[in-house]
Amino acid sequence: MEYNFRKIEADWQKYWAENQTFKSENNSTKPKYYVLDMFPYPSGAGLHVGHPLGYIASDIYARYKRHKGFNVLHPQGYDSFGLPAEQYAIQTGQHPAITTEENIKTYRKQLDQIGFSFDWSREVRTSDPNYYKWTQWIFIQLFNSWYHKTTDKAEDISTLIAIFSSEGNSKVKAACDDNIEAFSADEWKNFSEEKQQKILLQYRLTFLSETEVNWCPGLGTVLANDEIVNGVSERGGHQVIRKKMMQWSMRITAYAQRLLDGMAKIDWPQPLKDIQTYWIGRSEGAMVSFKVLSPAPTVAGKLSQGKGVRDSGYLTGNQDIAHLLLEKAKEMRANPTPAESFLWEQLKSKKLDIKFRQQHLIDDFIVDFVCLTKLLIIEVDGKIHESQIEKDLERTKILENKGYKVIRFTNEEVIGNIDGVVSKIIVELEKRPAPTTAGKLSEGKRASENNEVLPLGKDLGWDIPVFTTRPDTIFGVSFMTLAPEHDLVPMITTPEQKVVVEAYIKSTAKRSELERMADVKTISGVFTGAYALHPFSGKKIPIWIGDYVLAGYGTGAVMAVPCGDQRDYDFAKHFNLEIPNIFEGVDISEGAYTDKENSVIANSDFLNGLPYKKALKRIIDETEQLGFGYGKVNFRLRDAVFSRQRYWGEPFPVYYKNGLPQMIDAKYLPIVLPEVEKYLPTEDGKPPLGNATVWAWDTKKSAVVSNQLIDHKMVFPLELNTMPGWAGSSSYFNRYMDPHNTEEFVSREAVEYWQDVDLYIGGSEHATGHLLYSRFWQKFLFDKGIVPVDEYAKKLINQGMITGTSAFVYRWEFGKGNGSDMAKKTIFVSKPIMERIIAERSTIKHSNKRLIKEQVDLLGACEVKDSSANEWSNFTPIHADVSLVNAADELDIEAFKNWRPENKDAEFILEEGKYIVGREVEKMSKSKYNVVNPDQICEEYGADSLRMFEMFLGPLEQSKPWKTSGISGVLSFLKKLWKLYIVDNKFSVSEENPSKEEFKILHKTIKKVEEDIDNFSFNTSVSTFMIAVNELTALKCNKRAILEPMAILMEPYAPHIAEELWKNLGHATSVSSVDFPIFEPKYLVESSKEYPVSFNGKMRFKIELPLDLSVKEIEDAVMAHEKTQEQLQGRVPNKVIIVPGKIINIVG
RNA sequence: GCCUCGAUGGCGGAAUUGGUAGACGCGCUGGAUUCAAAAUCCAGUUUUCGCAAGGAAGUGUGGGUUCGAUUCCCACUCGAGGUACCA
């Protein structure tokens, strides 16, 4: 009696289908367990062996849970809207529904062949109107909702209207568009209906807005960020450009924080959580506003001419009275007070290693001493000044506003305690920002570029808000950079800079995203000529534009802190801008210091000496108090564009009245996709639905009617966009709970019973797409009370990819170009020979005499001209179909010749009559001829073999190469299992009591398999089964008490053979719901242990000892052993380590 | 650049809390059966020295902790995936 897997598998697949064995009920006294696979897109190519990997794993788990007494929900369906069917329709005119239907049939056949325990009665298809009715319904719910930040959940739009009517919109905290005008309750009530609707649209969770989108001309549609790879479309690799379009969007940003928080309670792979965390991109920091100052065109003009008083380098101040003050300063320098000259002696010497100036003109003041590089002013107050305290204070304030620090000493201090005074000055100098590129630039140029001491410009009334994660470094700001696209750029640019700024904007606009990404190294930017006012130091800081600042993130402007941000640093270096150091004890000569956790702030006024965290809190408090800004959390996550200009997707339940979107009442759903003649966009650029002739909404009849009836009174045009691919997959797992409900998306009872998915298996490529959007929808549905939990999948596993093992033949290219006969032949060289030729290329010279012997015969028939060694060793690897190669990498030459006509007359250089191919692991793909089809495998080895082998390949989550040769081991294992139940070619088991040894084999298998399934370590349980069967075979075990439980253990992995064995054991019903065998530890209790005995950690021999010995008895037994004495050779061990039941280690 | 994961025979991989490294399978070698092949069965298969008994080395590299490290710690190399002027 042979193991006839073809018949067995066909019989049981039929049985399961006829008996609806795996149909699950919504009311059951059993506990529920929901095992979900990511439903497939039914592509025309069908399944390859990589696709079912996750399905097999989840099927094993589902079957195991049934044995464990759970009511298991294990559904399957199709994500059947999508681009390939549409593109096929464009090419052939075949309706995508037909293509999809055909592909689904193929998929279903292939899936059934593998013996999955899906409950097909719950199948869903996203392209089925009965299904997408509910996708449309959820869309309407989103439209009718807004996000109330105070209650931190979505609420019905009516609660927002109530707030507007009672208090206007100034107090309400909502997730909404930027730039919403403020209005009072009265104003709201007086707004027209239209205006009210426009305002509400800015608050709804799905909303229309003009957004800059990724427009793909090649596909005629917009793409989401996750549909673009390396700047081109994921499908087709078409160019993508930025374009402004009116689009539906989903306000996913409202849920950003909750999407982050929710990850704490779900057991998903950490890398996947990391990807989502990064995608959401939460960063804490502050918004700080910088005021724009009027430019100082006269100064700028003079500067650029390099002339005038400023060129003297250190002479600074108001030019109009400068000549008068200069005279005065000269006079004062000539007549110092005693204290002044005493201090000057100290300051002018090189002791301080920094240059001071005496009686120097700054602005309209003459100061006693100044260090221009450190902006430190030292005043020595004599009696004359006593009466002027108030004036001095004012003077200090003005100077400090210009970035100077003023310290004062009395005459008595200077004369009485010169050392104390000098050390105070040193301390102050150290606290001041470091001189910038001082060494390289002439001091004069540096001072004038910094412009700290230029007259302050007028406040122009413009603010530039910036977002920063490091407000603590604000004193390190030495310039600002705006994105070239920033709105303020044209306003603030000075006439002198206008030309270069405009040229720069033009040049950056031309660069595509792709270029900008590829070219991050090039630093570019231009100065606008404008200055901003530093809110704390009062310094003037230049405003630049640069393309390293992105318009789309934050406010499109940054406060540049070159000492703390590498990009700012590079920019500053490149343009010779100041790089003040505001970190204590840190060298920034080579690069920015970005380690915020370990930074201590210096040269920053009230932040001096504070570590990062304290400085952060202090500066935010200060900023908020002074009204310059506020603490803010920023997210990288953008609202999700929800419109696609495609045909084969869910139509929106939306019509337009006066240009404003109106929802169709849910009771008229579904709005069914209209028929069109052509699936391409219309000639005037409308989406494909623009081709539909019956696509208007009659508000009276509540029906879709002909476009000709549109009168904009009762009959209105319908939305022409369709929903994106992720719409249908964002809540399908809830619909499986109650798939035939025509009244509700999912009934309360069903969703209360099934709750959520317990185990979800699918690919990690959906991390920022489906897996994020579906979490968003779930949270929304939770807020609305439709589902009871706000995370829908407790555990997620990402199965790894099964890669292909491509086969290569090597075409010998020698003789090409020299016109020899050889060039006309196609010669394939076996891999080892090719390798030898390459290795020996140096010995192959200009004659064929020295060729290694394998080639001589073949070459003898050809005329060979001189050729260089490189030509001899030139080979082109060509993919050969993997089905033409056997397990030992030998090519079936005849089959290969017939495979493709161009190889028909090819010649082969063999070794021992064999052609050995090269192997390489690559992604499975048609073009690489390495695709293995599960149908062939099922036909040749059976579904059970396929299931077990896919699991046996390696850990589920790991990517691993497929090699068909390995499957023979699994098939022979199944045959061996089968044979255990056969005596004299007949099915027969013995009723005898099993031996202790047989029970031990069974129970250690139960234990291991249970543990393995709980850990999703399916590969190791396959080898456990093999071990068990090998051992039982060795014992010739044929006993029912062992073989019956074995059949149950096998069922999740190899259900067909298990059912057949179970039937032959005399059972009338399916094995699938039988209780799992119970592990009994008593069978594994051992009385003795074969201890490994190590000497200095190296195992030398083994010794069998009873397990109940004490440590002392074990030691005695070991030390008495002859081999121990042999190892020790008379030495006395330093130490004997004994771990009872584990190991003995003798040290010495 | 950053984040995550990984690296063990010819290959896929095993070793669950630190305790006999290489389970199980493929491939390979030899043998049995057969007219022959397929299928099946038996034995061997990390490298190296040795006829053997037995010895030495060995889990990407270099250190460390430990009686003992594939496992823990530090530094590095290589590979895979994700992501990127995100302020």
Side-chain angles (χ1 to χ4, degrees), chain A residues 2 269-275 277-279 281-283 285 466-470 473 481 516-517 519-523 546-550 552-561 564-568 570-571 634-637 764-765 767-768 798 800-801 803 805 886-889 919 921 948-949 952-955 957-970 972-973 975-976 979 1008 1011-1012 1014-1015 1017 1019-1027 1030 1033 1090-1102 1133-1139 1141-1148:
Chain A
E2 288 281 296
Q270 194 57 43
L272 191 127
K273 286 187 183 179
D274 290 343
I275 292 171
T277 304
Y278 188 78
W279 192 260
R282 183 185 203 271
S283 48
V466 298
F467 175 73
T468 173
T469 53
R470 295 295 304 274
T473 62
T481 315
R516 233 162 120 164
M517 266 197 286
D519 184 28
V520 294
K521 293 279 180 288
T522 314
I523 295 162
D547 69 356
Y548 80 97
V549 177
L550 303 176
Y553 183 76
T555 61
V558 300
M559 57 174 227
V561 184
D565 183 287
Q566 192 57 43
R567 291 157 303 171
D568 296 342
D570 295 340
F571 196 82
N634 212 34
F635 293 97
R636 201 176 80 104
L637 185 70
S764 60
E765 67 272 20
T768 55
N798 294 128
M801 197 178 26
T803 46
T805 312
N886 74 6
D889 293 344
R919 290 288 205 174
V921 171
M948 293 202 89
F949 183 57
F952 189 52
L953 279 175
E957 306 203 52
Q958 190 175 303
S959 124
K960 55 240 158 189
W962 175 273
K963 253 184 126 179
T964 304
S965 58
I967 200 171
S968 64
V970 176
S972 51
F973 153 74
K975 287 180 185 167
K976 249 174 136 174
K979 273 193 200 156
K1008 179 82 169 98
E1011 284 168 0
D1012 284 346
D1014 287 340
N1015 294 323
S1017 173
N1019 54 326
T1020 49
S1021 34
V1022 176
S1023 67
T1024 302
F1025 286 128
M1026 290 175 170
I1027 293 166
N1030 287 345
T1033 305
E1090 194 179 31
Y1091 279 95
V1093 182
S1094 303
F1095 290 81
N1096 296 320
K1098 287 211 190 298
M1099 208 279 289
R1100 295 296 168 178
F1101 63 91
K1102 289 172 191 169
N1134 293 337
K1135 213 171 173 186
V1136 179
I1137 312 256
I1138 291 166
V1139 185
K1142 289 249 167 168
I1143 199 172
I1144 298 161
N1145 191 16
I1146 298 170
V1147 186

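Note on naming: letters A, B, ... go to the chains in the order of the sequence lines (proteins, then strands), and numbering restarts at 1 for each one. Note that the structure is a prediction, hence the values are computed from the model and not measured.
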Quiz item: A:L953 has an atom CG; how far is it from atom C1' of B:rG13, in whole Å?
Solution: 10 Å

Practice problem: Verify, without hydrogens or angle tests, whether A:Y1091 (side chain) and A:G1141 (backbone) share a donor-acceptor contact under 3.5 angstrom. | Solution: yes

Quiz item: If we take the P atom in both B:rG44 and B:rA39, what is their distance in whole Å?
Solution: 22 Å

Exercise. Using the C1' atom as the reference point in each nucleotide, state the distance between B:rG81 and B:rU65 in Å, no decimals.
Key: 33 Å

Quiz item: Taking A:D568 for the side chain and A:V561 for the main chain, is one N or O donor matched with an acceptor at less than 3.5 Å?
Solution: yes

Quiz prompt | A:L953 and A:W962, any side-chain heavy atoms less than 4.5 Å apart | solution = yes

Quiz item: Expressed in whole Å, how much space separates the C1' atoms belonging to B:rU70 and B:rG9?
Solution: 14 Å

Practice problem: Sticking with atom C1', work out how far B:rG82 lies from B:rC11, rounded to a whole angstrom. | Solution: 28 Å

Exercise. Can you tell me the pairing partner of B:rU77 across any strand shown, Watson-Crick or G-U wobble, with both distances under 3.5 angstrom?
Key: B:rA7

Quiz item: Contact class for A:V558 vs. all strands (heavy atom < 4.0 Å): base, sugar-phosphate, or nothing?
Solution: base

Quiz item: Rounded to whole angstrom units, what separation is found between the CD1 atom of A:I275 and the P atom of B:rA84?
Solution: 11 Å

Exercise. Identify the nucleotide, in any strand shown, that forms a Watson-Crick or G-U wobble pair with B:rG50, with both distances under 3.5 Å; if there is none, say none.
Key: none

Quiz item: Shortest non-hydrogen contact from A:P961 to A:V921?
Solution: CB-CG2, 3.7 Å

Self-check item: B:rA56 OP1/OP2 closer than 4.0 Å to side-chain N/O of A:R1100
Solution: yes

Practice problem: Pull up the glycosidic torsion of B:rG9 and say syn or anti, syn being anything within 90° of 0. | Solution: syn

Quiz prompt | Gap in Å between the two P atoms, one belonging to B:rC3 and one to B:rC86, rounded | solution = 14 Å

Quiz item: With both distances under 3.5 angstrom, what nucleotide forms a Watson-Crick or G-U wobble pair with B:rA32?
Solution: B:rU40

Exercise. For residues A:V558 and A:V466, determine if any side-chain heavy atom of one lies less than 4.5 Å from a side-chain heavy atom of the other.
Key: no

Exercise. Give the rounded distance in Å between these two atoms: CZ of A:R282 and C1' of B:rU83.
Key: 20 Å

Quiz item: Under a 3.5 Å cut-off for both distances, is B:rG68 Watson-Crick or wobble paired, and to whom?
Solution: none

Exercise. Answer yes or no: are there more than 12 heavy-atom neighbours, outside A:E1090 itself, under 6.0 Å from its atom CD?
Key: yes

Quiz item: Shortest non-hydrogen contact from A:Y553 to A:R636?
Solution: CE1-CA, 4.0 Å

Quiz item: Between A:N1134 (CG) and B:rG68 (C1'), how many Å, whole number?
Solution: 15 Å

Quiz item: Do any N or O atoms from the side chain of A:R1100 and from the backbone of A:V1093 form a donor-acceptor pair under 3.5 angstrom?
Solution: no

Quiz item: With nearest nucleotides of RNA chain B determined for A:S764 and A:P271 from heavy-atom distances, which residue corresponds to the more 5′ nucleotide?
Solution: A:P271

Quiz item: Roughly how many Å is it from NZ in A:K975 to P in B:rA39, rounded to a whole number?
Solution: 8 Å

Quiz item: Does A:P955 offer a backbone N or O that forms a donor-acceptor pair with the side chain of A:K960 under 3.5 Å?
Solution: yes

Exercise. Find the partner of B:rG1: check Watson-Crick (N1-N3 plus N6-O4 or O6-N4) and G-U wobble (N1-O2, O6-N3) distances, both under 3.5 Å, and reply none if neither fits.
Key: B:rU83

Practice problem: Classify every nucleotide of nucleotides 15-25 of chain B by which part a protein heavy atom approaches to under 4.0 Å, writing B for the base, S for the sugar-phosphate alone and - for neither, in 5'-to-3' order. | Solution: -BB-BB--BBS

Self-check item: Gap in Å between the two C1' atoms, one belonging to B:rC74 and one to B:rU20, rounded
Solution: 29 Å

Quiz item: Nearest-Å distance, CD1 (A:I1146) to C1' (B:rG68)?
Solution: 13 Å

Quiz item: Any side-chain N or O of A:R919 under 4.0 Å from OP1/OP2 of B:rG10?
Solution: no

Exercise. Please measure how far the P atom in B:rA7 lies from the corresponding atom in B:rA87, and state the result in whole Å.
Key: 33 Å

Quiz item: What is the nucleic acid contact for A:P955, judged by heavy atoms within less than 4.0 Å: base, sugar-phosphate only, or nothing?
Solution: sugar-phosphate

Quiz prompt | Sugar-phosphate only, base, or nothing, as touched by A:Y278 at under 4.0 Å among non-hydrogen atoms | solution = sugar-phosphate

Quiz item: For A:Q958 and B:rG13, is the shortest distance between a side-chain N/O and OP1 or OP2 below 4.0 Å?
Solution: yes

Quiz prompt | Between P of B:rG13 and CH2 of A:W962, the distance in whole Å | solution = 14 Å

Self-check item: C1' gap between B:rU45 and B:rG1, integer Å
Solution: 46 Å

Quiz item: A:K960 NZ to B:rG13 C1': how many Å, rounded?
Solution: 11 Å

